[in-house]
> 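Shown below is the structure under consideration.
In what follows, every chain begins at residue 1, and chains take the letters A, B, ... in the order their sequences are listed.
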Amino acid sequence: MNELLRDIAALDRVIHEPARLMIMTLLYAAGEADFVYLQREGGFTQGNLSTHLARLEEAGYVDIEKTFRGKYPLTICRLTGKGRFAFEGYMNTMRGAFTAPGSE
Amino acid sequence: MQPTDAVTRAQSRIENYWHADGLVDLVGGAVFLLLAARTYFTIPPEGAGGNRLLDFSLFVAFLTLLGFHRRIVDFVKGRLVYPRTGYVAPPPEVKFDSPVDVLSVTGEGWMAQQQPRSRRPSWREIAGGIVASLASVMIITQGRWAPALAGGLAAALIFVLATLDQRNHYRFTLLLIAAVSMAVSILNVEDRARPAATFGGIGLALIVGGAVKLVRYLTTHRIQGRSA
């Protein structure tokens, strides 16, 4: 097996799932965002988003904090250091595997 | 699309989201109106020493609004925006490394466009801005060469500095107007109503634009009930 294919085989499956990849991308770009924002931006249903966030939290990639702003509840999600590191590793692997020759 | 493209796009959307409801424009407009009031009521000759309390109050209000504008916007967003369309961390704060940054903060409301942060102005844009600066000062000073030249050069300098971090044409225009007004104010052209009217005009434009955006936002988005 060549090296690039081996890298692809070793991709982080927690991140690789499309919905979770969207969540990770949004949180990587935002720093932190709440449940409503993620739901709107990603086009998720409540149940779907909750499930994927729970999976990411379980992997230690996302930190979830329930708080209030005025009288409105906010469920704020942010990437942990581990999550940020894992996402950057994922991006680098994908970039390395699929960059066309001579395009760099 | 590569993942980095998706990240860049998401960041751009977040930046636009911060401005989408018009609250930043409203606060920016208030800053300009305070600046206009201070220019009109307290700058010599008529305003000199006339009312030190007014001068001090306007100055403190101006600095307070400028210094806390993000907190004020965030506070109001917490009541109006986050319950409707969600919370996302605001874009990074502008660093006050130069006076130009102060101007750029008040112009934030005009930056809600799709241009990426790293965009640099073309030489044609810069040259056009300098020529427009000089021409504007000429008009404001009614053809008097000495203040026109000095003010124009000051405005052009501020303008060139400002374009080093520009993001779009709206900021370009706003900075141009502000720079010209500042140059004229510094030069103490006798009629203080001119710079005050310029600042006031910018402030009103921001407030009207911000109010329209806010009303449109509030009527198109309803508060959502949800749980995680």
> Please name the pair of heavy atoms, one in A:Val36 and one in B:Thr85, separated by the smallest distance, quoted to 0.1 Å.
CG1-C, 3.7 Å
> With side-chain contact (heavy atoms from CB on, under 4.5 Å) as the criterion, how do A:Arg40 and B:Arg84 come out once you've worked through the C-alpha distance, each side chain's angles and the decisive distance to 0.1 Å?
CA-CA 10 Å; A:Arg40 284 184 70 250; B:Arg84 288 176 163 79; over 6 Å; no
> For A:Asp12, enumerate each residue passing the salt bridge (Lys or Arg N to Asp or Glu O under 4.0 Å) test, keeping only those at least two apart in sequence or located in another chain.
none
> Evaluate the side-chain contact (heavy atoms from CB on, under 4.5 Å) criterion for residues A:Glu41 and B:Val88: first the C-alpha distance (whole Å), next the side-chain angles of each, then the deciding distance (0.1 Å), finally the verdict.
CA-CA 11 Å; A:Glu41 281 295 297; B:Val88 65; over 6 Å; no
> For the ring pair A:Tyr37 and B:Tyr82, is the centre-to-centre distance below 6.0 Å?
no
> May I have the step-by-step check of side-chain contact (heavy atoms from CB on, under 4.5 Å) for A:Thr75 and B:Tyr87, ending in yes or no?
CA-CA 9 Å; A:Thr75 304; B:Tyr87 160 83; over 6 Å; no
> How close do B:Gly86 and A:Asp34 get, counting heavy atoms only, and between which atoms?
CA-OD1, 3.2 Å
> Does any backbone or side-chain atom of A:Ile76 lie under 4.5 Å from a heavy atom of chain B? Answer side chain, backbone, both or neither.
side chain
> Taking all non-hydrogen atoms of both residues, which atom of A:Arg69 and which atom of B:Gly78 are closest, and how far apart?
CG-CA, 3.5 Å
> Given a strict heavy-atom distance threshold of 4.5 Å, which part of B:Tyr17 is in contact with chain A: side chain, backbone, both, or neither?
side chain
> For A:Leu26 versus B:Ala10, what's the shortest heavy-atom pair and its separation?
CD2-CB, 4.3 Å
> Quick one: salt bridge (Lys or Arg N to Asp or Glu O under 4.0 Å) partners of A:Arg20, sequence neighbours excluded?
none
